[in-house]
Each structure stands twice: as C-alpha cells, then as structure tokens.
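By convention in this document, chain letters (A, B, ...) are assigned in the order of the sequence lines, proteins followed by strands, and residues within each chain are numbered from 1.
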2 protein chains.
Amino acid sequence: MARPRQALLTRERIVEAASALVDAEGLDALSTRRLATELSVQGPSLYNHFATKSDIVDAVADAVIEQVDVSAFGTFPWDEALRRWARSYHAVLSAHPNIVPVLAQGPGRRPGGLAMAEAVYGALVDAGWSYARATHIGALMRYLVTGSALGSFALGFDVDPQLYDRYPHLGHAPRLAEHHEAVDEGAFELGLDLLITGLTARYEMGTR
Amino acid sequence: MARPRQALLTRERIVEAASALVDAEGLDALSTRRLATELSVQGPSLYNHFATKSDIVDAVADAVIEQVDVSAFGTFPWDEALRRWARSYHAVLSAHPNIVPVLAQGPGRRPGGLAMAEAVYGALVDAGWSYARATHIGALMRYLVTGSALGSFALGFDVDPQLYDRYPHLGHAPRLAEHHEAVDEGAFELGLDLLITGLTARYEMGTR
DNA sequence: ACCTGAACACCGTTCAAGT
DNA sequence: ACCTGAACACCGTTCAAGT
C-alpha cells in the first residue's frame with residue numbers, strides 16, 4: 001500500500017489513540033511505533049500529521065485541559081468561581097494522572113492551556129486583584145492541583161510493612177493505600193479551603 | 001580489560017555522575033550508556049552496582065531529599081517548624097528541578113524520603129494533630145512544594161508575543177520570564193503563608 | 001498528499017567470557 | 001567480584017520510493 005485514496009489517519013484519530021494509550025499504560029508506553037500499531041499503520045506515517053512525538057503529547061495534554069470547566073468565572077464571585085474551577089481542574093487531572101507531568105510544565109503554546117489561563121487571570125484582575133497577586137494566585141492553584149494529581153500521597157508509600165520498622169511514626173503508612181482516595185481528597189479539600197478562606201480574608205482587608 | 005584489581009566504579013561515584021547529568025541536562029539525558037561514558041566504562045558495567053536504571057534514578061532522588069533540613073522539628077513549635085522545613089524543601093527542590101517528577105511520586109522505599117516523612121508526621125502528631133489531619137498536612141505541603149518546583153509558572157508561557165493576540169488578559173505573559181524568580185517565589189510564599197496561617201487558626205480553635 | 005520499507009543513531013538489559 | 005563485547009528487542013526520526 002502507498003497512499004490510499006482515503007487517508008488512513010487524521011490528527012483526531014491519532015490524539016484519541018494516544019490519549020487512550022497514555023491513560024491505560026502511562027507516558028512511557030507511548031512510542032511512535034506502538035501508537036502506529038494501535039492505528040494499524042507503520043511508525044513513520046505519524047509524521048505526515050505531526051512534526052514530532054512531542055507535538056502529539058502536547059495535543060493529548062491540551063485535550064485534557066479543554067475538559068476543565070471554567071464557566072464559573074462568568075457566573076460567580078471570584079472566590080466561589082475559583083473554588084469551582086479548582087475542583088473541576090482537580091477532577092479532570094485526577095482522571096488522567098499520567099499526563100500531569102506535561103501539564104505541570106505550563107501552557108507553553110497549547111491553546112486550551114492559554115484559554116484557561118486567560119479565564120482565570122481575567123476574572124481575578126476584573127475582581128480587583130493586582131496583576132502581581134492575580135499571577136500568584138493562578139500559580140498557586142496550579143501548584144496545588146498538579147502537585148496533588150501528579151502522585152497520590154497515600155499511594156506514594158511502599159506497602160511492605162517491614163520497611164517501616166525503623167520509623168516509629170509511620171506504622172500506618174503501608175495501610176494508607178486502602179483509603180487513598182479519601183486521604184488524597186481530604187488533603188486537596190483542606191488545601192483548597194485554607195487558600196480560598198485566606199485569600200478572601202486578605203481581599204476584604206483590602207490587600208489585593 | 002576485564003576485572004581490575006581496584007574496582008572502577010562505586011555506587012557513590014555512579015550516583016554523583018548521574019546527579020550531575022540530571023541537573024545539567026535533564027532526566028531524558030540520563031541513559032545508561034551516556035552515564036557509563038561519563039564514568040569511562042561500558043554501559044553494562046553499571047549493572048554490577050545497581051539492578052536497574054530505575055534504582056539509579058531513585059538513588060539520585062534520595063540524595064536530593066537528604067539535603068532537606070528537618071532539624072526545625074526538634075527545636076521550634078509545629079507551625080514555625082513547618083514553615084522552616086517547607087522553605088528548605090522548596091529551596092532544595094528548586095535547585096534540582098529535573099528530579100522533581102520522581103520525588104512527586106512519593107518516598108516509595110527511599111530511606112531519605114521515609115526519614116523526612118517520619119520527622120514531619122511525628123512532629124505534627126506530637127503537637128496534637130489527629131492522624132488524619134497530620135497526613136493531610138504532610139500531603140498538602142508536598143503538593144505545594146513539588147507543584148511549584150516541577151515547573152516554573154512564570155516560565156511556563158511561550159515567549160512569542162504574537163501567541164497572545166487572542167487572549168486580551170495575557171499580554172504580559174511573554175514578559176513573565178524576565179522576573180520568573182520573583183513571580184515563582186511570590187506565589188510559593190503566598191501559598192505557604194495562607195496554609196500555615198489557616199492551620200494555626202484551626203489549631204487554636206481546637207479543630208485538629 | 002500520504003503511506004511504506006530501509007536506514008541511522010540511539011535506548012535498557014542479559015549473558016557468556018575474561019581476569 | 002567486576003568489567004567487557006556481542007546480542008536482543010526496542011526507541012525517534014529521516015528519506016527516497018511508491019501511488
């Protein structure tokens with residue numbers, strides 16, 4: 001087969017297959033040859049649609065960010081909007097943890113990432129926050145969300161109980177995994193509440 | 001050359017060279033062959049000292065964590081200790097950003113990571129925080145520190161000004177890079193202050 | 001325009017052979 | 001015990017050849 005009259009690949013199909021592969025088996029499992037096999041073509045065919053593998057990864061990352069709901073910024077006061085956006089951002093990234101290392105690097109040139117930054121920053125500035133503080137708040141929210149999505153805290157400890165013999169306070173560590181969702185959610189919600197409550201207090205004091 | 005009478009390699013020398021390579025050129029530059037070349041041996045020689053490349057990466061990560069100063073937990077009240085530890089943790093990770101994706105996965109079986117967790121968790125529990133809250137606070141601090149060290153917020157935006165024509169609020173984005181240190185530090189310090197202040201308030205209210 | 005096979009310069013890891 | 005060369009099964013990417 002050389003060129004078929006109907007193209008075998010589209011950017012959309014490639015991104016879909018790549019996303020599924022990353023979600024199912026992780027970033028390391030995404031190789032151009034493996035992805036091509038999944039799409040029933042040969043590796044080099046992908047280069048007719050993307051210039052590099054990195055561009056494919058970026059497209060996967062942006063498809064995830066586009067799922068984040070920023071609509072609250074149009075309909076709620078800044079603090080409630082921030083809370084709703086952060087929860088959506090957190091939920092989306094927690095559903096796709098394998099791509100988080102890419103998202104944690106920032107929006108770069110990705111349209112979805114830039115659109116999200118525009119919505120957040122615009123809403124904060126419109127609410128009266130200084131440019132500097134609006135930037136800090138946007139950064140801080142990204143730190144919290146990517147930091148929590150990047151690695152489950154509760155699953156970050158090896159389950160071998162014997163490992164903790166030398167650490168008197170860590171006896172419960174190997175059993176954290178059993179309720180890791182509650183632990184990770186609890187930590188995120190605590191952080192979100194502390195940040196928003198603290199920001200609201202400062203806002204009302206006029207230190208914006 | 002077969003076996004020399006004095007071993008050419010030690011685990012220490014391998015970790016040192018690997019750390020230097022990761023710091024200078026990033027995790028992707030760390031290949032067994034490249035690392036071996038740096039040490040004037042052949043690739044397979046490394047396997048006499050480490051079982052897998054992953055074990056080498058873990059050793060590099062733990063060498064970084066061991067630099068974090070946890071001594072404040074013995075000498076200061078929990079809130080001040082938390083603040084001092086977090087700043088040290090942040091400074092160390094910011095000095096070695098390329099290894100942060102590994103650290104963000106948790107301590108696993110790494111002794112340095114476990115020792116740090118022991119110090120933090122122990123101090124919080126001793127101060128009167130519940131097991132659940134102590135876990136949440138430890139998680140939260142890791143989220144903030146790894147999230148901020150993983151990718152500079154200010155450097156996460158492409159510098160091409162034309163890119164921002166469609167985003168009315170992001171006109172300053174390409175110039176964030178000029179003062180990225182101040183921006184990233186400001187966001188981290190804001191976050192740290194909001195978290196500790198909020199935790200202190202809850203502690204004093206008795207909700208531990 | 002778009003897919004292919006062949007090729008290049010890489011990977012991590014195994015293993016028998018050497019001292 | 002520890003280093004080596006050869007080998008295996010992989011990588012990302014280029015490119016001329018095909019329709």
Side-chain angles (χ1 to χ4, degrees), chain A residues 1-62 98-99 101-102 105 108-110, chain B residues 1-62 98-99 101-102 105 108-110:
Chain A
M1 179 201 318
R3 176 166 107 94
R5 53 188 62 192
Q6 170 78 15
L8 294 178
L9 296 176
T10 62
R11 287 174 65 96
E12 282 74 17
R13 281 197 66 223
I14 293 171
V15 172
E16 264 175 46
S19 298
L21 193 49
V22 170
D23 281 343
E25 304 187 33
L27 261 185
D28 287 345
L30 182 67
S31 75
T32 55
R33 284 172 166 92
R34 171 75 190 278
L35 176 57
T37 301
E38 221 80 46
L39 290 159
S40 306
V41 296
Q42 299 299 317
S45 303
L46 299 168
Y47 290 83
N48 288 300
H49 303 269
F50 287 92
T52 64
K53 178 188 167 181
S54 171
D55 285 351
I56 299 177
V57 172
D58 271 342
V60 169
D62 218 34
N98 296 335
I99 197 70
V102 178
Q105 299 294 328
R109 308 179 60 89
R110 293 181 284 99
Chain B
M1 179 202 317
R3 175 166 108 93
R5 52 188 64 191
Q6 169 77 14
L8 295 177
L9 296 176
T10 61
R11 287 175 65 95
E12 283 71 19
R13 280 197 67 223
I14 294 171
V15 173
E16 263 177 45
S19 298
L21 194 49
V22 169
D23 280 344
E25 304 188 33
L27 261 184
D28 288 344
L30 182 68
S31 74
T32 54
R33 283 173 166 90
R34 171 75 190 278
L35 177 57
T37 301
E38 222 79 46
L39 290 160
S40 307
V41 297
Q42 299 298 316
S45 303
L46 300 169
Y47 289 84
N48 288 299
H49 303 268
F50 287 93
T52 64
K53 178 188 167 182
S54 172
D55 286 351
I56 300 177
V57 172
D58 272 342
V60 169
D62 218 33
N98 296 335
I99 198 69
V102 179
Q105 300 293 327
R109 308 179 60 88
R110 292 182 285 98

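Side-chain contact between A:Leu46 and A:Leu39 is present, with heavy atoms from C-beta onward closer than 4.5 Å. Between A:Val57 and A:Thr52 the shortest side-chain heavy-atom distance does not fall below 4.5 Å. Contact annotation: the side chain of A:Leu35 approaches that of A:Ile56 to within less than 4.5 Å [non-hydrogen atoms, C-beta and beyond]. A heavy-atom distance below 4.5 Å is not found between the side chains of A:Leu9 and A:Asn48.
One atom, CG of A:Asn48, and another, P of C:dT4, lie 9 Å apart when rounded to the nearest Å. For A:Leu9 and C:dC2, the CG to C1' distance is 9 Å, given to the nearest whole Å. A:Arg13 has its CZ atom 14 Å from the P atom of C:dC2, to the nearest Å. Atom NZ in B:Lys53 sits roughly 4 Å away from atom P in C:dG12 (whole-Å rounding). Rounding to whole angstrom units, NE2 of residue B:His49 and P of C:dG12 are separated by 17 Å. Atom CZ in B:Phe50 sits roughly 15 Å away from atom P in C:dG12 (whole-Å rounding). Atom CD in A:Gln42 sits roughly 14 Å away from atom P in D:dC10 (whole-Å rounding).
Residues of residues 14-35 of chain B having a heavy atom closer than 4.0 Å to DNA chain C, listed by number: B:Leu30, B:Ser31, B:Thr32, B:Arg33.
Stems are defined here as 3 or more consecutive Watson-Crick or G-U wobble pairs with pairing distances under 3.5 Å; those involving DNA chain C are C:4-8 with D:12-16, C:12-16 with D:4-8.
When the nearest nucleotides of DNA chain D are assigned to A:Ser54 and B:Val41 by heavy-atom distance, the more 5′-ward of the two goes with B:Val41.
Judged by distance alone, the side chain of A:Ser45 and the main-chain N or O of A:Val41 form no donor-acceptor pair under 3.5 Å. Between the B:Asp55 side chain and the B:Phe50 main chain, no donor and acceptor come within less than 3.5 Å of each other. Between the A:Arg34 side chain and the A:Leu21 main chain, no donor and acceptor come within less than 3.5 Å of each other. Under the 3.5 Å distance criterion, the side-chain polar atoms of B:Arg11 are matched with a main-chain donor or acceptor of B:His49.
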Could you walk me through whether B:Val102 and B:Leu27 pass side chain to side chain contact (heavy atoms under 4.5 Å, CB included), step by step?
CA-CA 10 Å; B:Val102 179; B:Leu27 261 184; 4.0 Å; yes
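The CD atom of B:Glu38 sits 15.5 Å away from the CZ atom of B:Arg33 when rounded to the nearest 0.5 Å. The OG atom of A:Ser19 sits 11.5 Å away from the CG atom of A:Asn98 when rounded to the nearest 0.5 Å.
Phosphate contact (OP1/OP2 of D:dT4, side-chain N/O of B:Ser45, threshold under 4.0 Å): present.
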Letter by letter from the 5' end, nucleotides 14-19 of chain C scores (B base, S sugar-phosphate only, - none; protein heavy atoms under 4.0 Å) BB--BB
